[in-house]
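Report on the structure given below.
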Amino acid sequence: MIRAFGPGRVNLIGEHTDYNGGLALPFAIDRGVTVEAEPLAGGEIRAEARDLGERDAFPAAAPGRAGGWRAFVRGTVAELRATGVPLEGARLAFSGDVPLGSGLSSSAALEAALCLALLAVAGAAEPDRTELAKLCSRVENDWVGAETGLLDQLASLRSREGEAIRIDFSTLAIAPVPLPLGGWRLVTLESGAEHTHAAGGYNERRAECRAACEALGIQHLSAADPDAAAALPTPLDRRARHVLSENARVDAMVAALAAGDLPAAGVLLDASHASLRDDYEASVPAVEDAVAALKRAGAAGARMVGGGFGGSVLALLPPGVALPPAARAVLPGPPAALM
Ligand code: GLA
């Protein structure tokens with residue numbers, strides 16, 4: 001029996017920057033999805049989502065389309081085979097502790113674990129992990145219908161235990177960033193509003209960013225001149241302002257962490273949230289309530305994580321501040337791996 005674990009992720013800061021050629025600072029978390037796999041004669045893939053009590057079966061050579069979690073499994077099989085992985089029949093079962101729609105990237109956790117498990121079933125060597133992240137992102141884009149960037153997949157596949165990684169999406173360069181938290185704690189709180197990237201605001205924001213780039217004649221928004229961006233028609237001017245200010249906050253966060261200045265890290269979380277709420281307009285009332293509850297509980301900073309429009313909130317708690325009700329401490333865990 002082959003077993004593979006894929007972690008979810010928290011993005012410390014740098015939101016909606018990945019598909020804009022910008023900067024982000026995620027880490028893999030100590031929660032995720034575990035896939036069990038074994039070869040199956042006959043060329044069929046049989047999959048079971050244990051937490052949902054649901055099953056799927058399809059020919060490996062022709063997965064065909066399906067919705068929900070089935071799109072992730074079928075897409076991963078098809079994309080692996082398209083790169084020449086000799087994958088035939090397999091029996092798969094998965095379960096996890098990153099709730100779907102919680103904004104902690106259950107989807108990247110599932111994709112990463114599926115890839116490693118299916119590569120092992122096929123007896124294929126693991127390809128370069130950045131290439132594997134791109135493959136997972138094609139599953140999201142072409143099979144699930146979410147135009148997500150590479151943030152979640154790189155975090156799940158290329159993180160380092162105990163550290164965050166600074167990703168520069170203009171080059172895909174990755175640098176480790178230690179997280180010297182001392183007695184401070186990072187916690188997540190589910191807002192209760194589920195989000196899905198395939199619907200709603202996420203794809204709309206991507207379209208707005210593309211429109212801004214076309215108007216400015218640039219490849220990606222992170223390359224925008226601030227004055228030219230400010231002259232864009234609204235709301236494109238505000239979308240661009242978020243991306244440029246968020247990139248600056250990523251490096252300010254790296255500096256704050258290097259200096260052990262955690263109060264400054266809290267201020268940056270708050271500033272990121274304000275920018276996502278006001279300039280990027282990616283918040284919803286349930287997320288605002290969760291941020292307010294965490295701040296009332298004594299957080300030094302709190303912000304939405306991931307694509308927004310629902311999902312989880314991340315907060316930084318000073319030493320001695322009790323864990324707010326329903327919040328969970330989160331630690332930087334190891335990247336996806338065979339177990
Ligand atoms: C989602 C997407 C990522 C990224 C974030 C926002 O998590 O999957 O690619 O765009 O939203 O930073």
Inset, instruction - Please test Arg239 against Glu281 for side chain to side chain contact (heavy atoms under 4.5 Å, CB included), starting from the C-alpha separation and ending with a verdict. - result: CA-CA 8 Å; Arg239 307 296 186 249; Glu281 293 178 280; 2.9 Å; yes
Legend entry - Nearest-0.5 Å distance that lies between atom CG in Leu172 and atom CZ in Arg158: 8.5 Å
Legend entry - Side-chain donor or acceptor of His273 paired with backbone N/O of Val291 under 3.5 Å: no
Inset, instruction - Taking the side chain as every heavy atom from C-beta outward, state whether Leu331 and Ile29 have any atom pair closer than 4.5 Å. - result: no
Inset, instruction - Output every pair passing ring pair (Phe, Tyr, Trp, His ring centres under 6.0 Å) with a member in residues 40-74, not counting sequence neighbours, ordered by first then second residue. - result: Trp69-Phe94
Legend entry - Where Ala37 and Val121 come nearest, the two heavy atoms and their spacing: CB-CG2, 3.6 Å
Inset, instruction - State, with a plain yes or no, whether a side-chain heavy atom of Pro335 is found less than 4.5 Å away from one of Leu157. - result: no
Legend entry - Interatomic spacing from CG in Leu294 to CG in Leu314 - rounded to 0.5 Å: 9.0 Å
Legend entry - Asp225 vs Ile218 side-chain heavy atoms within contact, under 4.5 Å: no
Inset, instruction - Return yes if some donor-acceptor pair links the side-chain N/O of Ser275 with the main-chain N/O of Ser272 below 3.5 Å, else return no. - result: no
Inset, instruction - Find out if a path of hydrophobic residues (ILVMFWY) with successive side-chain heavy-atom gaps under 4.5 Å connects Leu276 to Phe169. - result: no
Inset, instruction - Would you sort out whether Leu92 and Asp56 count as a side chain to side chain contact (heavy atoms under 4.5 Å, CB included), showing the intermediate values? - result: CA-CA 10 Å; Leu92 299 169; Asp56 193 20; over 6 Å; no
Legend entry - Student check: side-chain heavy atoms of Leu186 and Leu12 closer than 4.5 Å: yes
Legend entry - Backbone N/O of Ser191 and side chain of Asp289: donor-acceptor pair under 3.5 Å: no
Inset, instruction - Identify the two heavy atoms, one from Gln153 and one from Ala108, that lie closest to each other, and give their separation to 0.1 Å. - result: N-CB, 4.0 Å
Legend entry - Partner residues of Asp142 under the side chain to side chain donor-acceptor pair (under 3.5 Å) criterion, sequence neighbours left out: none
Inset, instruction - Mind listing the closest non-hydrogen atom pair of Ala336 and Leu116 along with its distance? - result: C-CD1, 3.6 Å
Inset, instruction - Spell out, as yes or no, whether a donor-acceptor pair under 3.5 Å connects the side chain of Ser105 to the backbone of Ser107. - result: no
Inset, instruction - List for me each residue that meets side chain to side chain donor-acceptor pair (under 3.5 Å) alongside Arg65, sequence neighbours excluded, and say none if there are none. - result: none
Inset, instruction - Mind checking the OG-CD spacing from Ser283 to Glu288? Nearest 0.5 Å is all I need. - result: 3.5 Å
Inset, instruction - Please collect all salt bridge (charged side-chain N to carboxylate O under 4.0 Å, His left out) contacts where either partner lies in residues 78-96, sequence neighbours excluded, each pair once. - result: Glu38-Arg91, Glu79-Arg138, Arg81-Glu88
Legend entry - Side-chain donor or acceptor of Arg166 paired with backbone N/O of Val254 under 3.5 Å: no
Legend entry - Heavy-atom pair of closest approach, residues Asp270 and Ala302: OD1-N, 3.0 Å
Inset, instruction - Might you point out which heavy atoms bring Val321 and Gly298 nearest each other, and give the distance in Å? - result: CG2-O, 3.9 Å
Legend entry - Salt-bridge contact Glu15-Arg303 (side-chain N to carboxylate O under 4.0 Å): yes
Inset, instruction - Kindly work out whether a path of hydrophobic side-chain contacts (I/L/V/M/F/W/Y, heavy atoms less than 4.5 Å apart) joins Leu104 to Leu189. - result: no
Legend entry - Evaluation steps, side chain to side chain contact (heavy atoms under 4.5 Å, CB included), between Val10 and Phe27: CA-CA 6 Å; Val10 153; Phe27 57 85; 3.7 Å; yes
Legend entry - Side chain Arg74, main chain Gly67, donor-acceptor under 3.5 Å: no
Legend entry - Arg50: partners by side chain to side chain donor-acceptor pair (under 3.5 Å), with sequence neighbours left out: Glu36
Inset, instruction - Determine yes or no for a side-chain-to-main-chain donor-acceptor pair under 3.5 angstrom, with Asn203 supplying the side chain and Glu147 the backbone. - result: yes
Inset, instruction - Would you confirm whether Ser222, through its side chain, and Gly22, through its main-chain N or O, come within 3.5 Å as a donor-acceptor pair? - result: yes
Inset, instruction - Would you confirm whether the ring centroid of Tyr202 sits within less than 6.0 angstrom of the ring centroid of His16? - result: yes
Legend entry - Donor-acceptor contact below 3.5 Å, side chain Asp168 vs main chain Ile174: no
Inset, instruction - Look at Arg328 together with Glu190 and state whether they make a salt bridge at an N to O cut-off of under 4.0 Å. - result: no
Legend entry - Within-4.5 Å side-chain heavy-atom neighbours: Arg31 and Val330: yes
Legend entry - Donor + acceptor pair across side chains of Arg3, Thr34 (<3.5 Å): no
Legend entry - Set of residues satisfying salt bridge (Lys or Arg N to Asp or Glu O under 4.0 Å) with respect to Arg46, sequence neighbours excluded: Glu44
Inset, instruction - Take Gln219 and Cys213, measure what side chain to side chain contact (heavy atoms under 4.5 Å, CB included) needs, and give me the verdict at the end. - result: CA-CA 6 Å; Gln219 280 290 324; Cys213 286; over 6 Å; no
Legend entry - Short N-O contact, Asp278 and Arg238, less than 4.0 angstrom: no
Legend entry - Gap separating the CG atom of Leu154 from the CG atom of Asp18, nearest 0.5 angstrom: 8.5 Å
Legend entry - Member of Leu179, Val177, Ile167 meeting the side chain to side chain contact (heavy atoms under 4.5 Å, CB included) criterion with Leu25: Val177
Inset, instruction - Would you mind reporting whether Leu317 and Trp184 have side-chain heavy atoms less than 4.5 Å apart? - result: no
Inset, instruction - Establish whether Val85 and Val73 are linked, either directly or via other cluster members, by ILVMFWY side-chain heavy-atom contacts under 4.5 Å. - result: yes
Inset, instruction - Look only at the side chain of Arg249 and the backbone of Gly14, and say whether a donor-acceptor pair between them is shorter than 3.5 Å. - result: no
Legend entry - Reference residue Val98; test side chain to side chain contact (heavy atoms under 4.5 Å, CB included); the match among Ser106, Pro7, Ser312: Ser106
Inset, instruction - Please name the residue in the list Asn247, Asn11, Leu23 that meets the side chain to side chain contact (heavy atoms under 4.5 Å, CB included) test with Thr17. - result: Asn247
Inset, instruction - Indicate yes or no: at least one non-hydrogen side-chain atom of Arg9 is less than 4.5 angstrom from one of Ser156. - result: no
Legend entry - Any Phe309 side-chain heavy atom under 4.5 Å of Arg205 side chain: yes
Legend entry - Cluster overlap Ile13 with Leu150, hydrophobic side-chain contacts below 4.5 Å: no
Legend entry - Minimal non-hydrogen separation, Val77 against Ala60, with atom names: CG1-O, 3.8 Å
Inset, instruction - Verify the cluster assignment for Ile2 and Leu119: are they in a single hydrophobic cluster under the rule of side-chain heavy atoms below 4.5 Å apart? - result: yes
Inset, instruction - Supply the atom-to-atom distance Leu221 CG to Leu216 CG, rounded to the nearest 0.5 angstrom. - result: 7.0 Å
Inset, instruction - Look up atom CG in Asp279 and atom OG in Ser245, then write down how far apart they are to the nearest 0.5 Å. - result: 6.5 Å
